[in-house]
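Below is one structure, written out as structure tokens, with a few remarks after it.
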Amino acid sequence: MGGKQDENEAYGKSAKYDPSFRGPIKNRGCTDILCCVLFLLFILGYIVVGLVAWVYGDPRQVLYPRNSTGAYCGMGENKGKPYVLYFNIVNCIVAANVISVAQNGLQCPTPQPVEESLHRELCPRFLLPSAPALGRCFPSPNINATSPEYSWVNSTAVSEGVSGLLDSINARDISVKIFEDFARSWHWILVALGVALGLSLLFILLLRLVAAPLVLLLIVGVLAVLAYGIYHCWQQYRMLRDQGASVSQLGFTTNLSAYQSVQETWLAALIILAVLEGVLLLMLVFLRQRIRIAIALLKEASRAVGHMMSTMFYPLVTFVLLVICIGYWALMALYLATSGQPQYIYWVYNSTSGCENAPVNQSCDPMASMNSSCPGLKCVFQGYSSTGLAQRSLFNLQIYGILGLFWTVNWVLALGQCVLAGAFASFYWAFHKPRDIPAFPLSSAFIRTLRYHTGSLAFGALILTLVQIARIILEYIDHKLRGSQNPVARCIICCFKCCLWCLEKFIKFLNRNAYIMIAIYGKNFCVSAKNAFMLLMRNVVRVVVLDKVTDLLLFFGKLLVVGGVGVLSFFFFSGRVKGLGKDFENPQLNYYWLPIMTSIMGAYVIASGFFSVFGMCVDTLFLCFLEDLERNDGSQERPYYMPKALLKILGKKNEIPAAGKKRKK
């Protein structure tokens, strides 16, 4: 008893009774003001960077092709000419002559005619039947090479080059078919998403009735799978042992599949599965009460969601905010990447020999007359200038944009967690449910969080953002070192990546519980994180059991929703199940797997959104439950707020007030 008490004191003292505490504190002040000011200044700078990108950028460079003078096709004076024609497609086949699409779009040194003659190479030497692709005219794949006029196409360099170019660029037919499939099936995809929404909501609401048998069924299912794995490993081990297949005969090999044919592999797998089976059985025996507590909390969470149905649709608010954050960053990055448009650089391209005195690699005017003494002299558009202020700072601005993306996205997610925690905490600390639940708990929590705790959310989001940026940098370094033969460097990078991955998971866990404490008590981020961590460490076994039981249950729920929608979509869109009459016929599709995959991904997003709310509800109620145990003792002055099912499991009860005596407010 003394050892357990000393261990708990190492993680702080238990929460003390506060007679004025009745749930989320309403009289609170602003927290982490310095971080709030820093975050607002950063957002202001983020907006300024967007304005700079909008002023200097020109996304037409990506959307429209250019001719050799740098003019856009399909715009302005070329409005009726939407496609660019390459005079000599052979020049496009040479990799050295194709300029990066990401930098300047697809360009080839094949200028179009102005008013010059064929011998000056300002008119095409040959013409091929062509088809438009990405705003450019490419030779049609249906050219009859046996025809005398196109017999030269049998040249290996030309035919293979044109074929390769078309294979990599001309995706027009596929994109049109995909668009047609979406146009024919979009309403049925919405029906599938509606089914996913209904299944997710039904699963959560029914947990109050089926949580206990469902958890028991899942645990028995895991034990059965492990038992079958042990049996299978034993059968394989016995067969290979009788055959005398040993690892000593195989030796060392990098072909991992070869180890399936040796008995030691199956013996090791058998031992591992047996240990897991034994650990799970021991957990069922010695932790059965904590499993019952976890089940009771799951039922209470389902009850809380039933009383506050608006919380289930809060992920829509988070989704809209995330779309705004990601969309703003994407547009800003696009405008920054095309910010070289205001300045043009033209160079002289010499395609023939004998022009020793030609001004090669010097600036030129594409509309001016060329030097007639050198017929091969051409003025070709090559790229964009990088001498402007925005162009010189392009890399730094893009880094600022990436930091802004991660920080704003993490802040939006933190906002959702804190708002939901405030709403569900209001439910738990209502003594008489649902009578004492405050009106509009979700909107009240949203306003309270924005008004007082923007800085605290920004603080937690910034810590997580810095770790995520560090992981991205390590991934980049690892990508650069993949061709290296230095195993020590690769091992060190791998260890750092593993450590940062673990650190990110821990910070997400700590932030999540810190936001719950912020929503309840209104303290700053550091104090809330410390109090949450200490409270959880004083109840670490309960934390582990609840976390795993909840994860198992929500995984099964996602599997049920996504699998059900996927099966129904497959049978409908593949035509194996006919529609419901003439007005509800199966759509005729080019790729029936496309709406199926769209429905499955949409169902996963919907299920994840609903179950994330439920998971936040469980975590919030769990922290409130632990606080309730430490603050109260069941007396008339300090009654427990937990439901009767938890009181019964813990062997506790609230004293009944004497007749005519009301509970102290």
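Note that the numbering runs from 1 along the sequence shown for the chain. Keep in mind the model is a prediction, meaning the values are calculated, not measured.
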Please output the side-chain donor-acceptor pairs of residues 322-333 that fall under 3.5 Å, not counting sequence neighbours, one pair per line with the distance.
from : atom 1 : to  : atom 2 : distance (Å)
Y328 : OH     : Y46 : O      : 2.8

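- Here R303 pairs with E300 under the side chain to side chain donor-acceptor pair (under 3.5 Å) rule; sequence neighbours left out.
- Heavy atoms from other residues, nucleotides or ligands lying under 6.0 Å from NZ of K433 number more than 12.
- Not a single side chain to side chain donor-acceptor pair (under 3.5 Å) links T598 to another residue, sequence neighbours left out.
- Applying the side chain to side chain contact (heavy atoms under 4.5 Å, CB included) test to V605 and every residue at least two apart in sequence or in another chain returns nothing.
- M517 approaches A532 most closely through the heavy-atom pair CG-CB, 3.5 Å.
- Among residues two or more places apart in sequence or in another chain, the ring-ring contact (aromatic ring centres under 6.0 Å, His included) test is passed with W593 by Y591.
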Would you be so kind as to tabulate the donor-acceptor pairs closer than 3.5 Å made by side chains of residues 541-560, with sequence neighbours excluded?
from : atom 1 : to   : atom 2 : distance (Å)
R542 : NH1    : N539 : OD1    : 3.4
T550 : OG1    : L546 : O      : 2.7

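- For F496, the CZ atom is loosely surrounded, since the number of other residues' heavy atoms within 6.0 Å does not exceed 12.
- For L442, the side chain to side chain contact (heavy atoms under 4.5 Å, CB included) partners two or more places apart in sequence, or in a different chain, are S310, T311, Y314, V419, L420, A423.
- K497 meets the salt bridge (Lys or Arg N to Asp or Glu O under 4.0 Å) test with E475, D478; sequence neighbours excluded.
- In this structure, the side chain to side chain donor-acceptor pair (under 3.5 Å) partners of D619, at least two apart in sequence or on a different chain, are R512.
- Taking the six-membered ring for Trp and the full ring otherwise, the centers of Y641 and F625 sit at least 6.0 Å from each other.
- With sequence neighbours left out, the ring-ring contact (aromatic ring centres under 6.0 Å, His included) criterion links F525 to F459.
- With sequence neighbours excluded, the residues forming a ring-ring contact (aromatic ring centres under 6.0 Å, His included) with F203 are F611, listed by chain and number.
- Residues satisfying the side chain to side chain donor-acceptor pair (under 3.5 Å) criterion with D628, sequence neighbours excluded, are Y428, N632.
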